[in-house]
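Remarks on the structure that follows.
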Amino acid sequence: MPWTTSDRVTRLRARNHKIDVAVEMLDGWRRHLSGRNASLLAFWGFLSIFPLLLAATTILGFVLEGNPDLQRRIVDGALAEVPVLGQQLQDDPASLDGNIWVLIFGLLGALWSSTRALVGLQGALDDVWEVDVNDRDGLPVLRGKALAGLAVIGASLVATTAISGVVNAAGLPGISRILLVAATAAIQILVIASMYRFLTSMPTTWPMVWPGAIVAGILFAVIQHFSTGIVGRITANASDTYGQFALVLGIVTWLSLLAITALMCAELNAAIVRLASPGRSPRPAQSASRVEMEEADSSVR
């Protein structure tokens, strides 16, 4: 019997709404195998990040060629939030150079792996909302939504880069980092809410997705801010032999934390909606069925 259906937990859920939501969220994570889905998202994210950064740095190399000062400002801004790779670009901003073949390879690789990642996210969100397999979107719709999601993510990256450039150009060393983190969190909240809203076959509404999107956006900003420094120190202290292992482990850990956060916050949205359904009881259905069986058995005897 799962711990969420025990009598003690059921009594706690009946007394406190926040505990009820938390337990429902954790129970949904267990029932929907969201941990497995998070691992799948981290895998495809890992395959996506390198060609994406390859294409992005190549584009910046074309645009910013001959302007090392602006290169430094952009690298110190949005790109610095990428663990390990951001630190390497900070150390050598001159590595931003343009190459047409590298750009083509990066864009094609990023397009393939990123669409696979977003298709995986759609399946994970459908699991969270318990959408029947026969009622889920078909392959053309999945790919179309994935491309739309890539467009939204790309627009958010452009906005974040622009904001970081403006903040850094303002010459506010003490406040600029706080403003950049706040702006990044706000943009991420909008992007995550859009993903929760449209990348699922469930007919969700904006009020249904805002709670998890706000929590996820804030956690994303915190994870990116601290993981950049932590992983950077680990790789800086690693020898040449183990430096590449530290690089891979650092990025995989970072992506895993982001995937777990995204799906856990999606479970939060679904838990709130399920508990707000008319006639929904804090007592889980499994526990209620067990009580009814015991009562029926005693009446027979």
Side-chain angles (χ1 to χ4, degrees), residues 1-5 9-10 13 17 20-45 112-153 191-216 256 258-293:
M1 182 182 68
W3 65 272
T4 55
T5 61
V9 173
T10 300
R13 295 181 66 174
H17 178 67
D20 192 20
V21 172
V23 173
E24 182 70 18
M25 177 183 66
L26 295 175
D27 188 55
W29 178 273
R30 175 188 64 84
R31 290 185 293 105
H32 305 143
L33 302 179
S34 293
R36 179 198 61 187
N37 291 335
S39 300
L40 184 63
L41 293 180
F43 169 76
W44 285 113
W112 175 75
S113 55
S114 299
T115 52
R116 289 298 301 267
L118 287 175
V119 168
L121 177 58
Q122 294 176 66
L125 292 177
D126 285 343
D127 288 341
V128 167
W129 289 105
E130 301 179 354
V131 180
D132 188 84
V133 175
N134 295 324
D135 296 330
R136 299 188 181 190
D137 294 329
L139 184 60
V141 177
L142 288 175
R143 293 294 181 178
K145 286 185 176 181
L147 293 175
L150 284 179
V152 172
I153 294 174
V191 172
I192 294 170
S194 299
M195 299 299 165
Y196 287 165
R197 173 73 174 81
F198 298 110
L199 292 186
T200 176
S201 306
M202 176 75 176
T204 55
T205 61
W206 289 112
M208 292 169 63
V209 301
W210 278 122
I214 293 173
V215 175
S256 298
L258 295 180
I260 291 172
T261 300
L263 293 188
M264 185 64 78
C265 291
E267 292 285 1
L268 173 63
N269 289 333
I272 293 174
V273 171
R274 284 196 299 268
L275 293 177
S277 300
R280 175 76 183 195
S281 172
R283 177 181 289 274
Q286 298 93 330
S287 180
S289 299
R290 181 170 58 86
V291 171
E292 292 173 359
M293 290 177 63

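Positions are given from 1 along the sequence.
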Handout entry: Pair Arg13-Leu275, side chain to side chain contact (heavy atoms under 4.5 Å, CB included): steps then yes or no
Key = CA-CA 11 Å; Arg13 295 181 66 174; Leu275 293 177; 4.1 Å; yes
Practice task
Start with the C-alpha gap between Ser256 and Phe43, add the side-chain angles, then the distance that decides, and say whether side chain to side chain contact (heavy atoms under 4.5 Å, CB included) holds.
Solution key: CA-CA 8 Å; Ser256 298; Phe43 169 76; over 6 Å; no
Handout entry: Derivation of the side chain to side chain contact (heavy atoms under 4.5 Å, CB included) call for Arg36 and Leu40
Key = CA-CA 6 Å; Arg36 179 198 61 187; Leu40 184 63; over 6 Å; no
Problem - Stepwise side chain to side chain contact (heavy atoms under 4.5 Å, CB included) test for Ser201 and Asp135 - result: CA-CA 7 Å; Ser201 306; Asp135 296 330; over 6 Å; no
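For the pair Lys145 and Phe198, the tightest heavy-atom approach, listed with the atom from each and the gap, is NZ-O, 3.1 Å. Scanning all heavy atoms of the two residues, the minimum distance from Asn269 to Gly212 falls at OD1-N, 2.7 Å. Shown here for Ala266 and Leu125, the closest heavy-atom pair between the two residues is CB-CD2, 3.7 Å. The two residues Ala213 and Ile192 have their closest heavy-atom pair at CA-CG2, 4.0 Å. The two atoms that bring Ala117 and Leu41 nearest to each other are O-CD2, 3.5 Å, heavy atoms only. When all heavy atoms of Trp29 and Ala38 are compared, the closest pair comes out as CH2-CB, 4.3 Å.
Taking NE2 of His32 as the reference point, atom CD of Glu130 lies at 3.5 Å (rounded to 0.5 Å). We find the CG-OG distance between Leu121 and Ser114 to be 12.0 Å, quoted to the nearest 0.5 Å. A distance of 8.5 Å separates OH of Tyr196 from CG of Leu268, quoted to the nearest 0.5 Å. Note that the CH2 atom of Trp44 and the OG atom of Ser39 stand 14.5 Å from one another [nearest 0.5 Å]. Note that the CE atom of Met208 and the CD1 atom of Ile272 stand 10.5 Å from one another [nearest 0.5 Å]. With rounding to the nearest 0.5 Å, the separation of CG in Leu147 from CG in Leu142 is 11.0 Å.
Using a 4.5 Å cut-off on side-chain heavy atoms (C-beta onward), Met264 and Leu26 make contact. Residues Met202 and Val128 fail the side-chain proximity criterion, which asks for heavy atoms closer than 4.5 Å. Trp129 is listed as a side-chain neighbour of Val273, based on a closest heavy-atom distance under 4.5 Å.
Of the possible polar contacts, none joining the Asp126 side chain to the Val131 backbone as a donor-acceptor pair under 3.5 Å is found. Looking at Thr204, its side chain does come within 3.5 Å of a backbone N or O of Arg197 through a donor-acceptor pair.
Put simply, the residue from Arg31, Gln122, Arg136 that forms a side chain to side chain donor-acceptor pair (under 3.5 Å) with Asp127 is Arg136. With Arg143 as the fixed residue, the side chain to side chain contact (heavy atoms under 4.5 Å, CB included) test singles out one of Leu118, Asp137, Val119: Val119.
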